[in-house]
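Computed over heavy atoms, backbone and side chain alike; hydrogens, waters and symmetry mates excluded.
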Amino acid sequence: MSITHDDGGAPRSGETAQQGDADRQEGLGAAGAQLSTAPADTLSQAPGLGALGWARWMWRQLTSMRVALILLFLLSLAAIPGSLIPQHSDQLKVDAFKRTHPDVTPLYERLGMFHVYSSPWFSAIYILLFVSLAGCIIPRSWQFVGQLRARPPAAPRHFTRLPAYSTWRTDADPEQVTEAARSVLRGRRFRVSATGASVAGEKGYLREAGNLLFHVALFGLLISFAVTSLYGAQGGRLVVQGDGFVNNLTEYDDFNGATLYGADDLQPFGFHLDSFEQKYSASGPDRGTALKFQANIHYWNGANGTPVKGSISVNHPLSIGGEKVYLISHGYAPRVTVRDAKGNVAFQGPVPFLPQDTNLTSSGVVKVPDAVDQHGKPVQLAFNGYFTPTGDTSVGPMSLFPTLEQPILWLNAFHGDLGMDAGIAQNVYQLDTTHMKQFKLDTKTGVNGVALGVGSKFTLPDGAGSLTFDGVSTWASFTVSHQSGNTGALVSGAAAILGLMGSLFIQRRRIWVRAVRGEDGATVVEMGGLGRSESTRIADELGDVAQQLAEAAPPRPDDDAEPPAAPGPPAPDESAPSDESPADPTPLPDDEGARA
């Protein structure tokens, strides 16, 4: 008994390889066909004349692998401007970009760069990719169903043209050999079909199932992204400890709706920030490293919902009313009391300061638009500066640790026009001093600012008012997200991975066994194997099958090391492939139209 396997030999030129593939497919006939459901690639073929021929040609190109890859590449390139250029979902950033770049703004507006994902050119690429996948999945699915229902193809005429081949002579009857072959192949989970003196077995159908699953999963991902784009929305809100939030458009600091999801679709729920827990490493090389961030809340679902205690931490959002609430960041809000020149309380409460470093050195602004001067005339005051939870006046406005060990509020003071009466939206965390003048707070030292501890107070020059540092509260920033397509995207992504694993690691393969009576009365057993891709696996599996089959049909002991040539079938007619044609035993390659 001998087993031969051809790994393809020396490298061949493209033209020679194509001619060899054509000769091999012609030689194997139906046995080497339909190992893949990939559509034929017709890019190099000229279309037929007429509108119908051109339409058929364009459809074939749209559903081909190379066009799908080009569309995926174009979709990736088209998404880059949406990441680099501000989008209309954040109108403040768009307006700031237009003021900063007035030269390119008209061009960007004509190209739709400020709304990339809803622009016609981005939608065209997306839809073409969608159609391309649909045009690939539907015909391949029907072909795959047909393959599942079909019987394995009959054995080829010449086994020696197969990439894996084995033969020996035995004293067992041909019927006994074929029956044993059926039993062995079925035991190895091959689908078996017997025709005359030959038995055909095929397995590895899950390879094409994985390929189709991968395509369907990509289709599902596109649908999920479309659903998310149409129905997804998210908004942010900064909540100071002791305050709450109600899911209403007016409660958001910023809100990005979608085409089919707006303010009227917001679910009725709310929550109250009871406390915020934070923990940092206090010693060693990791000093200052965050160990725990957790917002303790009580929330309610529905207009008349009962409050329930809960918590939100990093990477552990809370689901309320079908929406997810994420903890984004946290910081400190110094509590201050500002009195005007008449001694009236013009402002009182916490003012969130935004962190600037890992030790939570924070910057912020206190705006007082409703003060009056000594004559009772309206005047606007403002204070900006830094807050350090663990500060030291000898090192300046820089925090040494993120917890409240020695809080210090560093402030400058201004008076004038805040610009809040112009009706133009402005950032509450920044101060525009264009129309304001700065108070001189400490002319003796030359430092035009003050550093206040908790409970400290300073008076503005000329009796313009005063500010008292009352204490510190904690704030937390939350994002409320509505993502309708997340579940579909997760399922599709997992299915795509499973499908890709199946298409990469499962090999579609066929094995044939033929047993015929020779002229000397012995039974000549021939075995051949064919795989979809070039791999030694088919030769190894053929050897395993041959060893099992040899137990029922043992080789004759008087055979030479090299068995005599097996008796061939009847002489072929002129239309059959000639024995003199080059025998290329390499397995059929993957169809160029297949999509991995």
Working to the nearest 0.5 Å, report the span between [atom1] of [X] and [atom2] of [Y].
X    : Y    : atom1 : atom2 : value
F225 : L230 : CZ    : CG    : 13.5 Å
S503 : N211 : OG    : CG    : 5.5 Å
T195 : R514 : OG1   : CZ    : 11.5 Å
L129 : L133 : CG    : CG    : 5.0 Å

Any donor-acceptor pair under 3.5 Å linking the side chain of [X] with the backbone of [Y]?
X    : Y    : value
R56  : W54  : no
N296 : L273 : no
H316 : V314 : yes
W512 : P153 : yes
S198 : A194 : no
W121 : L111 : yes
R207 : I506 : yes
S132 : L128 : no
R99  : V94  : no

Side chains of [X] and [Y] only: does a donor on one sit below 3.5 Å from an acceptor on the other?
X    : Y    : value
S363 : Q356 : yes
D432 : Q430 : no
Q548 : R188 : yes
T361 : N359 : no
S193 : R151 : yes
Y252 : N247 : yes

Less than 4.5 Å apart, any side-chain heavy atom of [X] and any of [Y]?
X    : Y    : value
I85  : V116 : no
S141 : I138 : no
Q234 : Q483 : yes
L185 : V199 : yes
E208 : R140 : yes
L222 : Y126 : yes
P81  : L84  : no
M113 : E109 : no

If you compare all heavy atoms of [X] against all heavy atoms of [Y], which two are closest, and at what distance to 0.1 Å?
X    : Y    : result
Y117 : A79  : OH-O, 3.4 Å
K324 : P317 : CD-CG, 4.4 Å
G204 : R508 : O-CD, 3.4 Å
Q278 : L360 : OE1-CD1, 4.3 Å
P156 : L162 : CG-CD1, 4.1 Å
S224 : A489 : OG-N, 3.1 Å

Should the pair [X] and [Y] be assigned to parallel (<30°), tilted (30 to 60°) or perpendicular (>60°) ring geometry?
X    : Y    : answer
F276 : H330 : parallel
F97  : F114 : perpendicular
F159 : Y165 : perpendicular

How far apart are the C-alpha atoms of V480 and R237, what are their side-chain angles, what is the distance that settles it, and do they pass the side-chain contact (heavy atoms from CB on, under 4.5 Å) test?
CA-CA 8 Å; V480 180; R237 174 60 190 272; over 6 Å; no
Candidate pair I511 and F190, rule side-chain contact (heavy atoms from CB on, under 4.5 Å), full reasoning: CA-CA 9 Å; I511 290 180; F190 277 79; 3.9 Å; yes
From CA spacing to verdict: side-chain contact (heavy atoms from CB on, under 4.5 Å), L266, F255: CA-CA 11 Å; L266 295 175; F255 180 79; 3.8 Å; yes
*asked:* Under a 4.0 Å threshold between the charged nitrogen and the carboxylate oxygen, would K292 count as salt-bridged to E277?
replied: yes
Please find out if less than 6.0 Å separates the ring center of [X] from that of [Y].
X    : Y    : result
F293 : Y280 : yes
F144 : Y205 : no
F353 : Y429 : no

Discussion item. Evaluate Y231 against Y261 for ring-ring contact (aromatic ring centres under 6.0 Å, His included), listing each step before the verdict.
Written reply: CA-CA 5 Å; Y231 292 95; Y261 191 92; 7.9 Å; no
Next on the checklist: Are more than 12 heavy atoms, taken from residues, nucleotides or ligands other than W142, located less than 6.0 Å from that residue's CH2 atom?
Outcome noted: no
_Within a 6.0 Å radius of atom OH on Y108, are there more than 12 heavy atoms belonging to other residues, nucleotides or ligands?_
no
**Study point:** Full working for salt bridge (Lys or Arg N to Asp or Glu O under 4.0 Å) between E202 and R191
**Key:** CA-CA 5 Å; E202 184 171 2; R191 179 180 294 180; over 6 Å; no
Using side-chain contact (heavy atoms from CB on, under 4.5 Å), reason through Q61 and W57 one step at a time and then give a plain yes or no. CA-CA 6 Å; Q61 306 320 308; W57 180 82; 3.4 Å; yes
